[in-house]
Amino acid sequence: MNNNHKVSVWEPPFIQPHRVGAINKFGNRGAKENVMREIFGVSIDDLVDQFGSPVFVTSEHQLRMNVRKIRRVFERRYNQVIHGWSYKTNYTGAICRILHQEGSWAEVVSAFEYEKARSLGVPGNRIIFNGPHKSKAILERAIAEGAYLQADHMDELKMIEQIASEQDRIVKIGIRINFDTGFTEPWSRFGFNLESGQANEAVKRISMSPHVRLTGLHSHIGTFIMEPRAYGEQVKTMCRFMRDLDDIDHINIDTLDIGGGFPSKNALQRVYLPPDQAVPDINEYADAVCDALVEETRYLEQSGRALPRLIIESGRAIVDDAQVLITSVVGTKRLPDGRRAAILDAGTNLLFTSYWYNHQVQMTREPGGVYEDTVLYGPLCMNIDVVRQSIQMPPLVYGDRLVVSPVGAYNNTQWLQFIEYRPNVVLVHEDTNVSVIRRAENLAVMNAQDEMPAHLSYRTMADEGSLPSGKTTREHLIRR
Amino acid sequence: MIEKMDTLLQRICVDGRLAKLAVSETGFIFDPQTGQSFTLNQTGLLALDLLKRGNSLEMTAQYMSDEYEVTMDVASSSLEAFLYQLGRYL
Ligand SMILES: Cc1ncc(COP(=O)(O)O)c(C=O)c1O
């Protein structure tokens, strides 16, 4: 050890990550060289001619393949696996239906999502009800219908208890817990904290109630987790808590829900390598989860007791690459700093996820000319409406169609109805027929929610003169 | 807690990416897997160097406490915080 570290002033050791984006000039993925004329087996020009631009295009085949794969890799390693489809990731009805057909339960986090799942025919006992806001009315319904509730906080626990007693039932519930895995920023605002003893308090509270029984533990450690070992730690911690509950409180946990968070093959903005290299394979996650699970539940197996069922709530890993967005160039310019820019008919209003992903952008015609650093703007009158800050693109012209991918996760739910109508979402069936699964908005849709008070109800500005007393609006108001 | 710190140490320093990081003498770090770069302060650089050489947490804390004339308490608690921080990034 040499001595040149010696400084006079003590300062706690600290590591400072450098600012995102500043370093990876070469990391900006360019429009892929290969030209896309078809998507999911259907001609892009036909899709736009028929359904307009922009348009979200979803693949039924890819969606089914993805969910089957994730179940297969987990079921190969552990016996009882349930996939709960995270509605918030994409709750377009047809997409949920496909996943329910594949055997996925519904994982919902609000009254709306609960009602949506029921309206799609999902029975209450195949709904996992999470989230920090469950109103009394929806809890009453969910409890009566036998949904599996995972409680987030003490007030909710009290409410569940009260409803269970009013309905004179014994309700089996799970609690969401949070803790530090040492790998990711803990999502400590959700559920009961383990390290501080909150989780134990919740357990105590439940034990005292004749109407509520604790049968499950839930945690969700974050989203787009690039480190499979985080799940190993998560499962270990959950299992050890389960074992403590068994040993000390004689509580038998039959369900471990590890949430979602497996990454999709998308490019996070701060990640330098392309997703094919940066994102670990789903098998690595399944190994981390199931190795820990098998190891930590060996004591149950040895005494001939049932192992807990495993719930996974994977969202983005299932739907992200099953959808693309086709968008068109509506204008091009040179920015004062010399960079090329193009304005697209789809921006962050439709691609909410472009705030943290560098989506892949592909040309649909043979590119001509020199590739240059280009900014892709959306159509909004808002400075932060940027689809890609920096991407190598050939010269673009008005009317060029671009394919942005993958976009299936969180865009059809987090999109903003801001300034523009939201476009068609279509599904390419397994036989490559195409149908609309969510119709584009139009004025009628937008106005449907407006209500007009009687004194403002006139049809045209010209009718304004025919207010009572023949005064104009302004005079009318002034007189009153 | 102690056991957890040791596993964390094992993961980061022995199995993990730490071994593959390029660390310059001025405290600039580059992670070839993600392209992410970092800066370490002087004490961070010292701690990392000691840990990479296979010193235990306790030995590292002891060394730092001697070097900077701070109590063992101060050295080891800040070392733990540092290790958690490394765990997040690596
Ligand atoms: C409780 C819960 N489960 C599942 C998910 C789905 O996560 P992902 O899409 O990252 O798999 C989320 C997303 O935030 C969540 O909060």
Side-chain angles (χ1 to χ4, degrees), chain A residues 1-29 179-186 194-195 221-222 224-230 232-233 236-237 240 263 267-275 277-280 288 292 358, chain B residues 1 4-5 7-9 11-12 15-18 21 23 25-51 53 55 60-61 63-71 74-75 77-90:
Chain A
M1 187 75 241
N2 61 36
N3 249 346
N4 59 12
H5 293 294
K6 178 121 186 166
V7 289
S8 47
V9 186
W10 163 258
E11 192 189 25
F14 191 75
I15 180 170
Q16 173 81 51
H18 290 162
R19 217 176 57 75
V20 185
I23 29 135
N24 59 354
K25 259 266 180 257
F26 345 104
N28 301 327
R29 296 190 305 158
F179 45 85
D180 192 356
T181 61
F183 285 92
T184 50
E185 215 51 69
L194 193 59
E195 290 94 344
I221 56 174
F224 215 100
I225 309 276
M226 304 271 273
E227 177 51 84
R229 289 176 297 177
E233 275 306 310
K236 208 191 287 181
T237 305
R240 297 203 171 157
L268 273 187
Q269 282 173 358
R270 67 185 157 75
V271 174
Y272 170 77
L273 290 172
Q277 290 168 52
V279 176
N358 285 336
Chain B
M1 201 46 153
K4 206 162 169 212
M5 290 306 296
T7 1
L8 190 57
L9 183 62
R11 168 169 81 72
I12 301 174
D15 309 333
R17 304 229 289 279
L18 195 60
L21 292 185
V23 185
E25 277 195 13
T26 53
F28 181 83
I29 299 191
F30 180 73
D31 180 346
Q33 188 168 334
T34 58
Q36 178 64 282
S37 59
F38 306 89
T39 308
L40 283 172
N41 63 2
Q42 289 274 352
T43 47
L45 192 58
L46 172 61
L48 197 70
D49 187 50
L50 290 165
L51 294 172
R53 286 161 198 268
N55 291 291
T60 305
Y63 190 102
M64 297 181 74
S65 132
D66 294 346
E67 184 86 1
Y68 287 89
E69 292 166 3
V70 291
T71 63
V74 169
S77 64
S78 58
L79 190 61
E80 278 191 16
F82 178 62
L83 207 58
Y84 271 116
Q85 216 198 349
L86 286 178
R88 298 246 155 75
Y89 297 134
L90 303 176

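Just so it is clear: chains get the letters A, B, ... in the order the sequence lines come, proteins before strands, and each one is counted from 1. No experiment lies behind these values; they were computed from the predicted model shown.
By number of non-hydrogen pairs under 4.5 angstrom with chain A, the leading residue of B:Ser78, B:Ser77, B:Gly44, B:Ala75 is B:Ser78.
Taking CG of B:Leu45 as the reference point, atom CZ of A:Phe14 lies at 15.0 Å (rounded to 0.5 Å).
The two residues B:Phe82 and A:Ile15 come nearest to each other via the heavy atoms CE1-N, 4.0 Å.
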The test is side-chain contact (heavy atoms from CB on, under 4.5 Å); show your working for A:Glu11 and B:Tyr68 and say whether it passes. CA-CA 9 Å; A:Glu11 192 189 25; B:Tyr68 287 89; over 6 Å; no

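Partners of A:Ala278 according to the side-chain contact (heavy atoms from CB on, under 4.5 Å) rule, which considers only residues two or more places apart in sequence or in another chain, are A:Met226, A:Val271, A:Leu273.
Put simply, the side chain of B:Met64 reaches to within 4.5 Å of the side chain of A:Trp10, judged on heavy atoms.
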